Protein chains: 2
Amino acid sequence: MSQYEHTCLIRGDGGRTVRAVLDRICDKWTLLVVATLDQGRLRFTELQRLVPGISQRMLTLTLRHLERDGLVSRTAYPEVPPRVEYALTPMGRSLIPPALALAGWAVEHHAQIQESRAAYGPQAE
Amino acid sequence: MSQYEHTCLIRGDGGRTVRAVLDRICDKWTLLVVATLDQGRLRFTELQRLVPGISQRMLTLTLRHLERDGLVSRTAYPEVPPRVEYALTPMGRSLIPPALALAGWAVEHHAQIQESRAAYGPQAE
DNA sequence: CCGCATCCACCACGATACTG
DNA sequence: CAGTATCGTGGTGGATGCGG
């Protein structure tokens with residue numbers, strides 16, 4: 001059995017299902033936030049510190065989307081000053097292993113891609 | 001050993017490495033084109049037929065990027081009418097398993113995400 | 001048949017300022 | 001502390017038409 005038979009998983013209904021989900025988790029920050037939250041419950045500011053470069057706005061939006069999609073739970077404590085904690089749901093945690101697989105590939109082939117790009121790029125851009 | 005220790009792979013240098021690679025393979029079509037090419041060498045038009053909804057422009061751009069990054073090889077036959085075939089390189093093929101892992105997750109949790117989104121959405125947007 | 005060029009709409013994202 | 005509001009920008013992607 002060749003592995004390509006499995007790719008029907010991706011192509012499936014023409015890729016609509018996969019694309020729909022991928023379009024959500026493949027934005028600029030989602031994967032990074034999810035990976036960071038694997039450490040446990042974190043507050044808004046802690047997240048902002050642990051994900052270098054993310055803006056308040058993007059962190060808010062990313063967390064809202066993750067919450068809406070059921071990957072992250074949000075707990076607000078009615079205190080002064082306010083405190084909000086974010087944590088992965090079980091479904092959120094289930095995303096970690098596949099995400100790691102992709103991240104591992106990325107790290108492993110990063111250099112090779114750069115090489116290839118450099119060899120290709122001299123003529124234009 | 002908890003699995004979260006592995007997430008340093010993702011967070012690593014602040015996520016720059018992973019993000020750089022992910023930003024390339026997580027655009028709208030790349031993963032789908034790679035998955036489709038796992039079937040073997042394909043011509044431009046065949047690809048366009050096998051990836052429903054993709055425009056000529058996007059297919060061209062996606063293939064150029066994949067070629068530049070060393071994931072896809074392009075072979076043009078100097079014939080009339082012209083014929084061009086695309087195929088995965090070894091590095092391209094190595095992307096299939098991690099991509100499948102993510103795709104599997106997507107298919108498996110798609111319904112659950114939709115549910116969650118529906119339950120969240122009534123109030124706004 | 002293959003694929004590039006042009007025009008255009010949209011939205012992801014960043015910076016900044018303000019609120020409870 | 002944890003956001004929301006607003007503005008501006010670049011890149012992504014769709015439609016169409018032309019060229020080798």
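None of the values given here were measured: they were computed from a predicted structure. Convention: sequence-line order gives letters A, B, ...; per-chain numbering from 1.
- Looking at residues two or more places apart in sequence or on another chain, you find no salt bridge (Lys or Arg N to Asp or Glu O under 4.0 Å) involving A/R74.
- Residue A/R64 places its side chain closer to D/dT4 than to any other of D/dA2, D/dT4, C/dG3.
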Residues B/R43, B/E85; criterion salt bridge (charged side-chain N to carboxylate O under 4.0 Å, His left out); working and verdict: CA-CA 4 Å; B/R43 302 182 57 170; B/E85 287 184 348; 5.8 Å; no
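- You'll find that the side chain of B/M58 is closest to D/dG13, out of D/dA2, D/dG13, C/dG3.
- Contacts of B/Y86 with the nucleic acid, taken as non-hydrogen atoms under 4.0 Å apart, involve only primed sugar atoms and P, OP1 or OP2.
- Residues B/L61 and A/F44 both approach DNA chain D. Their nearest nucleotides, taken by heavy-atom distance, put A/F44 toward the 5′ side.
- Here the side chain of B/D27 is nearest to one of C/dG3, D/dA2, D/dG13, namely D/dG13.
- Relative to the side chain of B/K28, the nucleotides C/dG14, D/dT4, D/dG13 differ in distance, and D/dG13 lies closest.
- A donor-acceptor pair under 3.5 Å is absent between the side-chain atoms of B/R41 and the main chain of B/Y86, judged by distance alone.
- Across the interface with DNA chain C, nearest-nucleotide mapping of A/P82 and A/W29 shows A/W29 to be the residue nearer the 5′ end.
- In this structure, CD on A/Q112 lies 7.5 Å from OG1 on B/T89, to the nearest 0.5 angstrom.
- Here A/R43 lies in heavy-atom contact (under 4.0 Å) with sugar-phosphate atoms only.
- At whole-Å resolution of the value, CG in B/L59 and C1' in C/dG3 are 10 Å apart.
- Closest-nucleotide positions on DNA chain D for A/E46 and B/I54 were compared, and the one nearer the 5' end corresponds to A/E46.
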